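Since the structure comes first, as structure tokens, the remarks are kept for the end.
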Amino acid sequence: MKATAVGPANIALIKYWGKKDEIWRIPENGSISINLSNLTTTTTVEFADTFSSDRVIVNEKLLSSQQLSRVIKHIDRIRKLAGSNQKARVVSTFNFPMATGLSSSASGFAALTVAGVKAAGLHFSEKELSILARIGSGSACRSIPSGFVEWLDGDTNETSYAISIFPPGYWDIVDLAVVVSEDVKEVPSSQGQKLHATSPFFATRLRYIDEKIAQMKQLIKNRNFLQFGELVESEALELHAIMLTSQPSLIYWTSGTLALMKLTKIWRSEGLPVYFTINTGQNIHLLCEGKNAAILKLKLQKLDFVKQIIVNQPAVGARLTDKHLF
Ligand code: PMV
């Protein structure tokens, strides 16, 4: 059977960094994110007796052997759940640069999970899809439910999954994903994550993370943009403080990232409420209220080092579509 799904990337407001369990990808702490309307992966999966081997094409190219093995492992999980040994064809397109800090593994594994499960003839609940997506790539579990999402960290495979806490239309927030370079990051997140405990600050982070999560949920609930933005930005800086102080250190920023971090503060001092957040990579997200998105975009368009601006609203989670890629 053949099935196609579109999965959104998500931007973490409270970040996932570090795992309690490496194999099952159980995170050290819970996290909160927003699904993004214009950073998406579309994936078609087909299983058939007539295929003699698995074939995976991403953005019209064959994957590197390391990337391929991660996708095939995920397909194997789906085959095992379906009790099938049929080979698979997988074709994916990403509408944004991969491995540059824009969470392509989240949209990629969410779309692969939803399409793969359907193509295998399985019927999974949202919770089961989120659990399966998590095993493929942690943050992908948050790209399954819609809108504003919380990943409940849990401590077993069955208790670690994401839920929607507010629907996409709850709050008119805009995320401008700003591409300053399409260079692929030197250290993938999954590798960087393994260093979390080498930072002396990680233990401190864990001590008050639950309080921070509760605070973030309350600020979203109250639609309090200024306090929300302050918390989002300080959380991003805390994550990067941990990365910078890991052994070996992880430095994901480039001059373009830093320039935008500084400009964000300048624009704020001039009266434009805008805040940044950054994941693993040089590209940066700027968050503002819908009413300020056009003016912020105009400011960004004037900067010669900005390569692309992708405007996102809070979006639904990964969904099936009938627009197959083959
Ligand atoms: O799911 P991974 O292994 O790509 O890790 C994501 C890590 C961050 O993007 C930095 C934080 C997050 O919660 O998305």
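All of these numbers come straight from a predicted model, not from anything done at the bench. Heavy atoms only: backbone and side chains are in, while hydrogens, waters and symmetry mates are out. Remember, it's 1-based here, ligands and their atoms both numbered in the order they're listed.
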Which pairs of donor and acceptor atoms, one on a side chain in residues 109-120, lie under 3.5 Å apart (sequence neighbours left out)?
{"from": "Thr113", "atom 1": "OG1", "to": "His74", "atom 2": "NE2", "distance (Å)": "2.9"}
{"from": "Thr113", "atom 1": "OG1", "to": "Phe109", "atom 2": "O", "distance (Å)": "2.6"}

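In this structure, Arg142 has a heavy atom closer than 4.0 Å to ligand 1.
For ligand 1, the polar-atom distance check against Ser31 finds no nitrogen or oxygen pair separated by under 3.5 Å. Of the N or O atoms in Asn10, none lie within a sub-3.5 Å distance of an N or O in ligand 1. At under 3.5 Å, not a single nitrogen or oxygen of Trp17, backbone or side chain, sits near a nitrogen or oxygen of ligand 1.
Figure legend: cation-pi geometry between Arg223 and Phe166 absent, as NZ or CZ is not positioned both under 6.0 Å from the six-membered ring centre and within 45° of its axis.
For atom 9 (O) of ligand 1, the closest heavy atom belonging to the protein is Asn279 CG, 3.2 Å. Scanning all protein heavy atoms for the shortest distance to atom 2 (P) of ligand 1 gives Ser139 OG, 3.7 Å.
Each of the following atoms of ligand 1 lies closer than 4.0 Å to a heavy atom of Ala12: 12 (C), 13 (O), 14 (O). In summary, the atoms of ligand 1 found under 4.0 Å from a heavy atom of Gln193, numbered by their order in the structure, are 2 (P), 3 (O), 5 (O), 6 (C), 7 (C). In the vicinity of Lys15, heavy-atom distances shorter than 4.0 Å reach the ligand 1 atoms 13 (O). Within the listing of ligand 1, atoms 1 (O) sit less than 4.0 angstrom from a heavy atom of Ser137.
Comment: Lys19 does not engage Asp153 in a salt bridge, judged by the lack of any side-chain N to carboxylate O separation of less than 4.0 angstrom.
For Ser105, every heavy-atom contact with ligand 1 shorter than 4.0 Å involves the side chain, none the backbone.
Below 30°, between 30° and 60°, or above 60°: for Trp171 and Phe225 the angle between ring planes is above 60°, a perpendicular geometry. Aromatic ring pairs are classed by plane angle as parallel below 30°, tilted from 30° to 60° and perpendicular above 60°; the pair Phe94 and Phe96 is perpendicular.
Taking only non-hydrogen atoms, the option from Tyr16, Trp151, Tyr252 nearest to atom 7 (C) of ligand 1 is Tyr16.
Expressed to the nearest 0.5 Å, how far CG of Leu36 lies from CG of Leu176 amounts to 10.5 Å.
Aromatic pair Trp151/Tyr16: centroids less than 6.0 angstrom apart.
By the ring pair (Phe, Tyr, Trp, His ring centres under 6.0 Å) test, Phe276 pairs with no residue at all, sequence neighbours left out.
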